[in-house]
Amino acid sequence: MDNAHVAATGRRPAKARGALLILALVLFPSPSRAADPWGPTDYALAGAAVAALAVDWGQTRHIAKNPHRFAEQNPLLGPAPSVGKVDAYFVGAMVGTVALAHVLPSDWRQLFLAGVLTLELGVVQQNRSLGIKMAF
């Protein structure tokens, strides 16, 4: 569905609503299924990692909307991915990040989440230096 249709109807497509619901569930993980109980550091790292993924998601959507100006460097997405492919990838990445963090022991969880956060901050900064904006 194109943006003109969304603007005319005032509603988001079902895919976008589903992605937002999944994102909300990811942002508020339940520690009841975790391998070890989650502490404040775990929640802070998970929230920061998901937030950095969200910024990268917006930047990657900008790339997808401007294939004549930018080429995507993620080999899983290809050089000119569709917005739908970008959306599916990042919803999966966010859910997968939190799901994996849930099953890891506390020490490994924090190391994993810190690694995701560090990687994503580097990607976001690189994109920003290239003039890539966020486009949701």
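Numbers here simply count residues along the sequence, with the first being 1. Every heavy atom of this structure was used, including side-chain atoms; hydrogens, water molecules and symmetry mates were not.
- Partners of F70 under the ring pair (Phe, Tyr, Trp, His ring centres under 6.0 Å) rule, at least two apart in sequence or in another chain, are H62.
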Pair up each side-chain donor or acceptor in residues 74-86 with any protein partner under 3.5 Å, not counting sequence neighbours, and list the distances.
{"residue": "N74", "atom": "OD1", "partner": "L76", "partner atom": "N", "Å": "2.8"}
{"residue": "N74", "atom": "ND2", "partner": "Y89", "partner atom": "OH", "Å": "3.1"}
{"residue": "S82", "atom": "OG", "partner": "K85", "partner atom": "N", "Å": "3.0"}
{"residue": "K85", "atom": "NZ", "partner": "L77", "partner atom": "O", "Å": "3.4"}

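- A distance of 12.0 Å separates OG1 of T60 from NZ of K65, quoted to the nearest 0.5 Å.
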Which pairs would a plain distance check flag for residues 117-136, meaning a side-chain donor or acceptor within less than 3.5 Å of a matching protein atom at least two apart in sequence or in another chain?
{"residue": "T118", "atom": "OG1", "partner": "A114", "partner atom": "O", "Å": "2.8"}
{"residue": "N127", "atom": "ND2", "partner": "Q59", "partner atom": "OE1", "Å": "3.0"}
{"residue": "S129", "atom": "OG", "partner": "Q126", "partner atom": "O", "Å": "2.7"}

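- Across L113 and A101, no two heavy atoms sit closer than the pair CD2-CB, 3.9 Å.
- Scanning both residues, A49 and V116, for their nearest heavy atoms gives CB-CG1, 4.0 Å.
- For the pair F112 and L45, the minimum side-chain heavy-atom distance is 4.5 Å or more.
- Under the salt bridge (charged side-chain N to carboxylate O under 4.0 Å, His left out) criterion, D56 pairs with no residue, sequence neighbours left out.
- In this structure, Q110 CD and L104 CG are separated by 11.0 Å, a value rounded to the nearest 0.5 Å.
- Within the structure, the salt bridge (charged side-chain N to carboxylate O under 4.0 Å, His left out) test picks out the following pairs touching residues 40-49 (sequence neighbours left out): D42-R109.
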